[in-house]
Amino acid sequence: MPAAHAYHDQAGDAFAAHAADGPHNAYTDRPAMLTLAGDVAGLRILDAGCGGGHYAAELVDREAEVVAVDGSATLVRHARALLGDRAEVQQHDLDAPLEFAADASFDGVVCALVLQHLTDRARFLGEVRRVLRPGGWFLLSTTHPTSDWRYFGGSYFDESWVEFPMADGFTMRFQRMTIESLVSEVLDAGFVLERLVEPRAVETLRAVDPERYERLTERPSFVALRLRRP
């Protein structure tokens with residue numbers, strides 16, 4: 001997450017708690033992203049915008065070596081508490097170059113629900129390509145443009161910055177984008193698109209929250225891509 005739009009202080013605490021077992025993160029986006037990752041044992045992976053560290057923890061459990069970064073000091077604290085010494089966790093603004101990472105130093109990069117918050121996506125995507133080894137993969141998820149359109153109305157092609165109210169009185173600021181813009185940006189950055197999925201809630205949510213399960217399996221909330229650096 002970039003520092004300007006990161007979840008700081010109480011907002012960070014609330015986000016970390018929600019991401020741990022909330023229906024959107026724990027039962028929809030995270031399972032889809034981990035499925036796209038496949039076997040990660042022995043791989044060095046960058047979790048760009050790690051939040052409370054939940055994706056990183058899953059990757060470490062699958063025997064990956066993980067470097068996790070986020071622009072929020074609050075979320076970095078949560079990630080360190082969750083991961084302990086099992087992963088390297090540091091604060092970094094994703095709107096700035098990834099100066100801590102050498103060229104071709106990662107086998108994979110995970111960027112879950114972060115891209116829509118960045119103010120210079122082209123630079124970030126270029127940095128991801130730089131730090132990936134040739135043949136390395138890049139997993140990317142973001143809010144589904146159709147979901148944003150349903151909520152905010154107006155033109156589907158409106159790509160303005162918006163604010164979305166969250167629980168506990170906090171708001172999330174991000175830029176709307178179309179599927180065309182999303183795919184064009186990653187292709188222009190030099191990636192090859194291997195797979196595009198529209199994550200649905202996993203079956204286990206049905207027993208936990210049947211109403212949310214029905215909603216998250218009937219209408220799209222996120223879109224996830226598996227990309228490769230040639």
Side-chain angles (χ1 to χ4, degrees), residues 1 6 15-16 18-22 24-72 75-94 97-115 117-118 124-142 186 189-197 199 202 204 222-230:
M1 189 74 77
F15 177 80
H18 174 78
D21 56 11
H24 289 85
N25 294 86
Y27 291 92
T28 308
D29 185 72
R30 197 152 66 237
M33 291 285 273
L34 292 169
T35 298
L36 286 175
D39 183 6
V40 299
L43 301 184
R44 188 166 191 261
I45 298 173
L46 172 64
D47 185 355
C50 67
H54 300 96
Y55 293 78
E58 294 276 4
L59 293 167
V60 169
D61 286 345
R62 289 162 170 78
E63 301 182 358
E65 176 189 349
V66 178
V67 176
V69 300
D70 199 277
S72 163
L75 287 173
V76 165
R77 174 171 51 81
H78 280 282
R80 285 174 175 161
L82 178 64
L83 291 159
D85 60 1
R86 298 189 301 152
E88 177 185 342
V89 183
Q90 59 179 287
Q91 186 174 357
H92 182 79
D93 186 343
L94 292 181
L98 305 177
E99 297 173 342
F100 60 88
D103 295 357
S105 57
F106 288 97
D107 300 298
V109 174
V110 173
C111 183
L113 305 179
V114 173
L115 190 72
H117 299 285
L118 302 180
F124 172 73
L125 293 172
E127 281 290 279
V128 170
R129 191 180 190 281
R130 177 185 67 79
V131 304
L132 271 175
R133 64 167 177 79
W137 50 256
F138 176 29
L139 305 186
L140 171 67
S141 65
T142 186
V186 295
F191 293 100
V192 174
L193 176 60
E194 294 188 331
R195 191 173 176 195
L196 183 153
V197 300
V202 293
T204 49
F222 307 120
V223 58
L225 311 178
R226 180 180 168 106
L227 305 151
R228 177 174 50 83
R229 178 191 168 178

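No hydrogens, no waters, no symmetry mates; every other heavy atom, side chains included, goes into these values.
- Interatomic distance, CG of Leu225 versus CZ of Arg195, reported as 11.5 Å (0.5 Å rounding).
- Pairing each heavy atom of Leu36 with each of Ala224, the nearest pair is CD1-CB, 3.9 Å.
- Atoms CG and CE, from Leu140 and Met33 in turn, are 6.5 Å apart once rounded to the nearest 0.5 Å.
- Under a cut-off of 6.0 angstrom, the local environment of CD in Glu63 is sparse, with at most 12 non-hydrogen atoms contributed by other residues, nucleotides or ligands.
- A donor-acceptor pair is defined here as one N or O able to donate and one able to accept, closer than 3.5 Å; no such pair exists between the side chain of His92 and the backbone of Ala68.
- The minimum heavy-atom distance linking Tyr55 with Asp47 is given by the pair CB-OD2, 3.8 Å.
- In terms of heavy-atom proximity, Thr28 sits nearest to Pro31 at O-CD, 3.5 Å.
- At least one side-chain heavy atom of Asn25 sits under 4.5 Å from a side-chain heavy atom of Leu113.
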In residues 98-105, what donor-acceptor pairs under 3.5 Å come from side-chain atoms, sequence neighbours left out?
{"residue": "Asp103", "atom": "OD1", "partner": "Arg130", "partner atom": "NH1", "Å": "2.7"}
{"residue": "Ser105", "atom": "OG", "partner": "Ala102", "partner atom": "O", "Å": "2.6"}

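- Residue Arg80 holds its CZ atom at 8.0 Å from CD of Gln90, rounded to the nearest 0.5 Å.
- Cation-pi check for Arg129 over Phe138 is not met; the charged atom does not lie both under 6.0 angstrom from the ring centroid and within 45 degrees of its normal.
- Checked by atom type and distance alone, the side chain of Asp107 pairs as donor or acceptor with a backbone atom of Arg44 at under 3.5 Å.
- Atoms CG and SG, from Leu82 and Cys50 in turn, are 10.0 Å apart once rounded to the nearest 0.5 Å.
- Across all their heavy atoms, Leu125 and Phe191 have their closest contact at O-CE1, 3.6 Å.
- Residues Trp137 and Val192 have side chains not in contact (no heavy-atom distance under 4.5 Å, counting atoms from C-beta outward).
- From Glu65, atom CD reaches atom CG of Leu59 across 12.0 Å, with rounding to the nearest 0.5 Å.
- Gln91 approaches Val76 most closely through the heavy-atom pair CA-CG2, 3.8 Å.
- Taken to the nearest 0.5 Å, the CG atom of Leu43 stands 7.0 Å off from the CZ atom of Arg133.
- Pairing each heavy atom of Val109 with each of Ala48, the nearest pair is CG1-CB, 4.4 Å.
- Residues that satisfy the side chain to side chain contact (heavy atoms under 4.5 Å, CB included) test with Ala87, not counting sequence neighbours, are Val60, Val66, Leu83.
- Side-chain N or O atoms of Asp93 include none that pairs as donor or acceptor with a backbone N or O of Gly71 at under 3.5 Å.
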